[in-house]
K.L.:
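Handing you a structure now.
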Amino acid sequence: RLRRCSSYWVGRSSSSSWAVRNRPSLVEQLRERYRVCIVDEFQDTDPLQWELLRRLCLDGKNGPRLFLVGDPKQAIYGFRGGDLRTYFAAREELHMRATNNQAQGSGLRENWRSSPSLIDALNATFSHPSWFGLAEIAEESANWKLPGTSNHIPFTFAESPSSRSKEKQTETPVVLRDFTGFSRKSEAQKIVHTWIAAEIRSLMQASSSLVEGLGGIAILTRTNPEAAALEKSLRRAGIPCRIRRRGGVFDSIQADQIRLLLELLETARDPRSQTQILTLPFLRREWPRGIPEEIPDTIRRWAALAQAGRWTEFFQSLLYEHGYIHRLAAQTRGGSEVQTLLALARRLTEEGMKCAGSPHALLHRFDSLRLQESGEESETSNGDGIPRVTIMTLHLSKGLEFPVIFLASLSESRKATFYTLRDEQGFQHILDRENETAEKIHRQQASEEDRRLFYVGLTRAKQRLYVPLLPEKFSHAG
């Protein structure tokens, strides 16, 4: 994701796109300053970000050279606004340009991470019709060597570099253990944690060539509470471990929710903004189905407090007036999420007072603080230099690798409190939980993102994967 575009924060795509669309002088300044634009993780962009890039780099003759790097199989940030359709639209446009020698498309097929035997196992898994299936190979040209331009996520077989052909094959690259007979999550979690601890002990006692010490082992969970529960189980079993987390409080889910609320309150009179606010967790789940006919009193009051810069009252109402912090404490059993929320409220109250009360200024300051934290990571350890097993979420594992990977995701499927659907117009929020069509589309899209998320997790391993087979009810999308 682009971090900055001149002085415009790209995370606020609408204002950035407006500026590029309506201020030709800004476009010219940027083109003069930057000759090359490289966008990594392009599969996680959104339509407005792509519009910004197109206007800057592709419209006209003197734009920066544009390099897009992305893998649609790793599009896992839909909950933060990533829109895979943007990737497909960009790929189709560039494919058309390639026919006129205005673009090129290349793929990377060699896998330098995993052992040849593990690559074979993963190829067999992901090419199965129930996962991605095989790609529709387009007719290759000198300029275009990517799969076809349909909205189907392509899977092409990964290859081991020829220089590794003589390496010793990993024995048993994938270990599966059947736990489908357990119906209760607490029971399944306990036995899975016991199995993981026993397998780690076996690896260490056998002095396995797969891994040099505990530092080469990672366990991937779906959620932070799962990671915390696993950490307790491993510590009780005497296995040193640590939880790897992102930087600070501004990189948390609670920060995402508060930032979105502040932005929506700037247009609080818009029924669509009101609908989005009602989908956030701050209010009780007691609202009429559909778009509100008039602005709810609480939203009107929050908007007034924000505009007046009365941030102490604003956050007091947000956290306590409708019982949000108590619900969060009950849901997380008093976990770190509550402390994160309180720390955010204190910091934003202080920053709001510094920036003369303007909601727009507070949003700008929010983004600056998040930027300072980006890329930083914190690890829970004793600082004693002892090698430890790493526990982290599937999302955080993206881009990392370990010799041995365990999956430990036991998120139980639950009926959504509302449905967020992605279509040609972007995101829409359906408050009617009895809408069977919306539920069907929501579950399908959630299942597709689950496949991509577990693709990321399974491909983190260099030598061996340990995968517990769980009842279907424990998959996030059901």
Side-chain angles (χ1 to χ4, degrees), residues 73-74 76 78-79 118 121-122 124-133 172-203 217-237 239 241 243-244 331-333 335 389-398 402 404-416 439 442-461 463-478:
K73 299 186 298 300
Q74 298 189 56
I76 60 174
F79 67 94
L118 182 52
L122 293 175
T125 300
F126 300 133
S127 63
H128 194 276
S130 65
W131 206 298
F132 294 127
T172 321
V174 180
V175 177
L176 304 178
R177 179 69 180 270
D178 187 0
F179 296 100
T180 55
F182 295 93
S183 58
R184 295 175 54 197
K185 180 178 177 179
S186 58
E187 185 182 16
Q189 179 174 273
K190 181 179 179 180
I191 198 69
V192 168
H193 290 181
T194 301
W195 169 67
I196 291 174
E199 292 291 343
I200 291 174
R201 286 199 204 93
S202 295
L203 284 172
I217 300 173
I219 309 173
L220 310 183
T221 66
R222 182 63 187 255
T223 65
N224 287 317
E226 285 179 344
L230 179 59
E231 180 190 31
K232 291 180 180 178
S233 296
L234 293 185
R235 290 191 183 280
R236 282 196 296 266
I239 296 176
C241 58
I243 297 179
R244 185 171 188 159
Q331 293 166 3
T332 62
R333 298 181 181 179
V389 173
T390 298
I391 305 170
M392 71 181 84
T393 63
L394 286 159
H395 282 95
L396 187 54
S397 73
K398 188 175 178 181
F402 291 84
V404 174
I405 290 287
F406 287 83
L407 292 189
S409 175
L410 289 89
S411 295
E412 193 164 5
S413 177
R414 296 175 181 173
K415 188 174 178 63
E439 180 182 13
H442 168 82
R443 290 174 68 87
Q444 177 184 347
Q445 293 180 347
S447 179
E448 290 171 355
E449 184 145 334
D450 263 5
R451 288 190 185 94
R452 301 193 294 269
L453 181 60
F454 281 94
Y455 170 86
V456 169
L458 292 170
T459 54
R460 299 309 94 197
Q463 300 291 338
R464 180 176 289 174
L465 271 169
Y466 289 84
V467 183
L469 302 179
L470 300 165
E472 185 177 347
K473 64 180 291 188
F474 292 145
S475 70
H476 191 70

K.L.:
Quick check: do Q74 and K398 have side-chain heavy atoms less than 4.5 Å from each other?
P.N.:
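The answer is yes, as the side chains (C-beta and beyond) meet within the 4.5 Å cut-off.
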K.L.:
Could you go step by step and tell me if T393 and N224 meet the side-chain contact (heavy atoms from CB on, under 4.5 Å) rule?
P.N.:
CA-CA 7 Å; T393 63; N224 287 317; 3.4 Å; yes
K.L.:
Run the salt bridge (charged side-chain N to carboxylate O under 4.0 Å, His left out) test on E449 and R452 for me, step by step, so that the C-alpha distance in whole Å, both residues' side-chain angles and the decisive distance to 0.1 Å come before the verdict.
P.N.:
CA-CA 5 Å; E449 184 145 334; R452 301 193 294 269; 3.4 Å; yes
K.L.:
If every non-hydrogen atom of R451 is compared with every non-hydrogen atom of S130, which pair is closest and at what distance?
P.N.:
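What the structure gives for the nearest pair is NE-O, 3.0 Å.
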K.L.:
Is it the case that the side chain of S397 and the backbone of L394 share a donor-acceptor pair, with hydrogens and angles ignored and the cut-off at 3.5 Å?
P.N.:
yes
K.L.:
What's the verdict on side-chain contact (heavy atoms from CB on, under 4.5 Å) for V192 and L230, showing C-alpha distance, side-chain angles and the deciding distance?
P.N.:
CA-CA 9 Å; V192 168; L230 179 59; over 6 Å; no
K.L.:
Picking from I405, T390, L203, I196, what satisfies side chain to side chain contact (heavy atoms under 4.5 Å, CB included) with I217?
P.N.:
L203
K.L.:
So, S447 side chain and R443 main chain: donor-acceptor pair closer than 3.5 Å or not?
P.N.:
no
K.L.:
Within a strict 4.5 Å, meaning less than it, do heavy atoms of the F402 and M392 side chains meet?
P.N.:
yes
K.L.:
Could you tell me the separation between the CG atom of L407 and the CZ atom of R460, rounded to the nearest 0.5 Å?
P.N.:
11.5 Å
K.L.:
As a quick check of understanding, evaluate side-chain contact (heavy atoms from CB on, under 4.5 Å) for K73 and F132, giving each step before the final call.
P.N.:
CA-CA 8 Å; K73 299 186 298 300; F132 294 127; 3.6 Å; yes
K.L.:
Do you know the tightest heavy-atom contact between F182 and P471?
P.N.:
O-CG, 2.9 Å
K.L.:
So does T172 get a backbone contact from the side chain of R464, meaning a donor-acceptor N/O pair under 3.5 Å?
P.N.:
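The answer is yes, because a donor-acceptor pair under 3.5 Å joins these two groups.
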K.L.:
For the rings on Y455 and W131, is their centre-to-centre separation under 6.0 Å?
P.N.:
no
K.L.:
What's the separation between atom CZ in F179 and atom CG in L469, rounded to the nearest 0.5 Å?
P.N.:
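Answer rounded to 0.5 Å: 8.5 Å.
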K.L.:
Is there a side-chain contact between S409 and E226 (heavy atoms, below 4.5 Å)?
P.N.:
yes
K.L.:
Can you find a pair of side-chain heavy atoms, one from L396 and one from L220, that are under 4.5 Å apart?
P.N.:
no
K.L.:
Nearest 0.5 Å, please: how far is CZ in R236 from NE2 in H193?
P.N.:
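Going from NE2 on H193 over to CZ on R236, the span is 9.5 Å.
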K.L.:
Run L234 and I219 through side-chain contact (heavy atoms from CB on, under 4.5 Å) and show every step you take.
P.N.:
CA-CA 11 Å; L234 293 185; I219 309 173; 3.6 Å; yes
K.L.:
With a 3.5 Å distance limit and no angle check, can you tell me whether R177 reaches the backbone of Y466 through a side-chain donor-acceptor pair?
P.N.:
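Not at all, since once roles are kept as given, no pair shorter than 3.5 Å links the two residues.
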K.L.:
Just wondering, do F406 and I200 contact through their side chains at under 4.5 Å, heavy atoms?
P.N.:
yes
K.L.:
Looking at side-chain heavy atoms only, is the closest gap between F126 and T459 below 4.5 Å?
P.N.:
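Yes. Closest side-chain heavy atoms under 4.5 Å.
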K.L.:
Could you tell me the separation between the CD atom of E448 and the CG atom of L453, rounded to the nearest 0.5 Å?
P.N.:
14.0 Å
K.L.:
Could you work out, with side chain to side chain contact (heavy atoms under 4.5 Å, CB included) as the rule, every residue matching A227, not counting sequence neighbours?
P.N.:
T221, I243, I391
K.L.:
Between D450 and R222, does at least one N-O distance fall below 4.0 Å, as a salt bridge requires?
P.N.:
yes
K.L.:
Do L176 and L465 make a side-chain contact, defined as non-hydrogen atoms from C-beta onward lying under 4.5 Å apart?
P.N.:
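L176 does not reach L465 side chain to side chain.
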K.L.:
Where do C241 and R235 come nearest, in terms of heavy atoms and distance?
P.N.:
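The pair with the smallest heavy-atom distance is O-NH2, 3.0 Å.
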